[in-house]
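We use all heavy atoms of the structure for the numbers below, so side chains are in, but hydrogens, waters and symmetry mates are not. Lettering follows sequence order; numbering is per chain, from 1.
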Amino acid sequence: MADFKAWLQQHWPVVKAALLTGEYMPNAVRKVEMPKPNGGVRTLGMPTVLDRPIQQALLQVLQPEFESGFSEHSYGFRPGRNAWQAVQRAQDYIREGRHWVVDLDLEKFFDLVNHDIPMSRVARKVKDERILKLIRRCLEAGLMTDRIVSMRTEGTPQGGPLSPLLSNILLTDLDRELERRGHRFCRYADDCNIYVGSEQAGQRAMATITGYLECRLKLRVNREKSAVARPWRRKFLGYSFTWHKQMRLRIAVSSIKRLKDRVREIVVGNASRNLGATIKTT
DNA sequence: TAGATGCTAAC
RNA sequence: GUUGUUAGCAUCUA
Ligand SMILES: Nc1ncnc2c1ncn2[C@H]1C[C@H](O)[C@@H](COP(=O)(O)OP(=O)(O)OP(=O)(O)O)O1
Ligand SMILES: [Mg+2]
């Protein structure tokens, strides 16, 4: 890997020239099926060995350009931000007395990302036509199965270095819409939680925001994973809320179980009582 | 301080 | 055949 990095650095002037003249364009990603924990299958689109570092370089330039335009309530795929900060923000909302949550998750998110909406947003900041063409080709990269490339008209490849940034650019429209409506929310990638004071307000928000997402942004809400519920009945970003004397945060039971099993697998016959005590205090 | 490797978590 | 972003931890090197 370090070898390849050195090679690319050595030939970077040539590669750069080929990219800017349009002589070389990314056009396909390799299809790889990955099992999901819940039993489903995630279709990854892996860039070619050449496209990957090219897109990573593009990201280094584009990321700072768009960071300033993102919402304060967006936490996913962003430098300096993590899931813990998002959950703490959610906890603040609940402590304010908003005891109902509209938990929204998008269906096959990356696979259904519209191309024209994020491209028009990118065009507002990036004026260079050659760069815009490059970015569009990263979105349009077809899925390659056994050397057969199928055309893509929607969706951004899961595994493309630019994909997380482009998805945030698209969902910034959602953030602005939620802010315009005065909602208290935090979003991590396609996982968006809106905190409201009553179930009725929650159902109303769920209906209008679902309509907005499906109509304006051409996305689909995952009705299995989404719900209007009490926050302490839901899991958010691997954490769940618990109600003792005050609102407290704890790691979701499923995450604890997974970690416990991992630890037990490693230490085979050794002290498991020690682990139980350790996890309880955490 | 900088580079490299590996692991965990979220999506 | 095992991707990406982000965050964290660990180890090695000078
Ligand atoms: N391991 C990963 N590698 C690359 N991209 C990922 C990975 N995990 C998640 N993503 C990205 C692509 C997904 O579309 C997006 C949202 O994740 P997730 O909600 O778990 O799946 P999904 O939205 O594609 O399907 P679902 O319909 O089950 O919600 O995050
Ligand atoms: Mg989803």
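The C1' atoms of C/U2 and B/dC7 are separated by 16 Å, rounded to the nearest whole Å. Comparing C/G1 with B/dT8, their C1' atoms sit 24 Å apart, to the nearest whole Å.
No salt bridge links A/Lys225 with A/Asp103; every basic N to acidic carboxylate O contact stays at or beyond 4.0 Å. We find that A/Glu96 and A/Arg184 are joined by a salt bridge, their nearest charged nitrogen and carboxylate oxygen being less than 4.0 Å apart. The existence of a salt bridge linking A/Lys31 and A/Glu33 is confirmed by a sub-4.0 Å separation between a basic side-chain nitrogen and an acidic carboxylate oxygen. Salt-bridge annotation for A/Glu72 and A/Arg176: absent, with no side-chain N of the basic residue lying under 4.0 Å from a carboxylate O of the acidic one.
Look at CG on A/Leu162: it is 14 Å from C1' on C/U3, rounded to the nearest Å. Rounded to a whole Å, the CG atom of A/Asp111 is 13 Å from the C1' atom of C/G4. Distance, A/Asp51 CG to C/G4 P: 13 Å, rounded to whole Å. Residue A/Arg187 contributes atom CZ, which lies 14 Å from atom C1' of B/dA10 at whole-angstrom precision. Between A/Lys5 atom NZ and B/dT5 atom P there is a gap of 7 Å when expressed in whole angstrom units. Between the P atom of B/dA10 and the NZ atom of A/Lys235 lies a distance of 8 Å, rounded to the nearest Å. The distance from atom CZ of A/Arg52 to atom C1' of C/U2 is 10 Å, rounded to the nearest whole Å. Going from atom CZ of A/Phe109 over to atom P of C/U5 covers 16 Å, rounded to whole Å.
For the pair A/Thr172/A/Ser74, no side-chain contact is recorded, criterion being any heavy-atom separation below 4.5 Å from C-beta on. Using a 4.5 Å heavy-atom cutoff, the side chains of A/Pro231 and A/Tyr195 are in contact.
In this structure A/Arg124 satisfies the salt bridge (charged side-chain N to carboxylate O under 4.0 Å, His left out) test with no other residue, sequence neighbours excluded. Shown here are the side-chain hydrogen bond (donor to acceptor under 3.5 Å, both in side chains) partners of A/Asn168, two or more places apart in sequence or in another chain: A/Arg187. For A/Glu140, the side-chain hydrogen bond (donor to acceptor under 3.5 Å, both in side chains) partners at least two apart in sequence or on another chain are A/Arg136.
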Determine whether A/Arg81 and A/Tyr188 satisfy the following criterion, side-chain hydrogen bond (donor to acceptor under 3.5 Å, both in side chains), listing intermediate values before the conclusion. CA-CA 10 Å; A/Arg81 292 172 172 242; A/Tyr188 191 102; over 6 Å; no
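In this structure, the nucleotide among B/dT5, C/G4, B/dC11 sitting nearest to the side chain of A/Met1 is B/dT5. In the set C/U2, C/U3, C/G4, the nucleotide with an atom closest to the side chain of A/Met34 is C/U2. You'll find that the side chain of A/Leu237 is closest to B/dA10, out of C/U3, B/dA10, C/G4.
The side chain of A/Arg30 places no N or O atom within less than 4.0 Å of a non-bridging phosphate oxygen (OP1 or OP2) of C/G1. Within the structure, a side-chain polar atom (N or O) of A/Gln56 is placed less than 4.0 Å from OP1 or OP2 of C/U5. A close approach under 4.0 Å does not occur between any side-chain nitrogen or oxygen of A/Lys36 and OP1 or OP2 of B/dC11.
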Can you pull every protein N or O that's under 3.5 Å from an N or O on nucleotides 6-8 of chain C?
residue: C/U6; atom: OP1; partner: A/Gln63; partner atom: NE2; Å: 2.8
residue: C/U6; atom: O3'; partner: A/Arg78; partner atom: O; Å: 3.4
residue: C/U6; atom: O2'; partner: A/Arg78; partner atom: O; Å: 3.1
residue: C/U6; atom: O2'; partner: A/Arg81; partner atom: O; Å: 2.7
residue: C/A7; atom: OP1; partner: A/Gly80; partner atom: N; Å: 2.8
residue: C/A7; atom: O2'; partner: A/Asn82; partner atom: ND2; Å: 3.2

Write down the protein N/O and nucleotide N/O pairs, taken from nucleotides 12-14 of chain C, whose separation is under 3.5 Å; answer none if there are no such pairs.
none

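Note on A/Asp190: only backbone sugar-phosphate atoms sit closer than 4.0 angstrom, heavy atoms only; bases stay farther off. No engagement by A/Lys31 is indicated, since no non-hydrogen atom pair under 4.0 Å with the nucleic acid exists.
With hydrogens and angles ignored, the 3.5 Å screen pairs a side-chain donor or acceptor of A/Asn114 with a backbone N or O of A/Asp116.
RNA chain C contains the following stems of three or more consecutive Watson-Crick or G-U pairs, with both distances under 3.5 Å: B:1-11 with C:4-14.
Ring geometry, A/Tyr93 versus A/His73: the interplanar angle falls from 30° to 60°, so the pair is classed tilted.
A/Ile94 and A/Val87 fall within a single hydrophobic cluster, where Ile, Leu, Val, Met, Phe, Trp and Tyr are joined by side-chain heavy atoms under 4.5 Å apart, directly or via other members.
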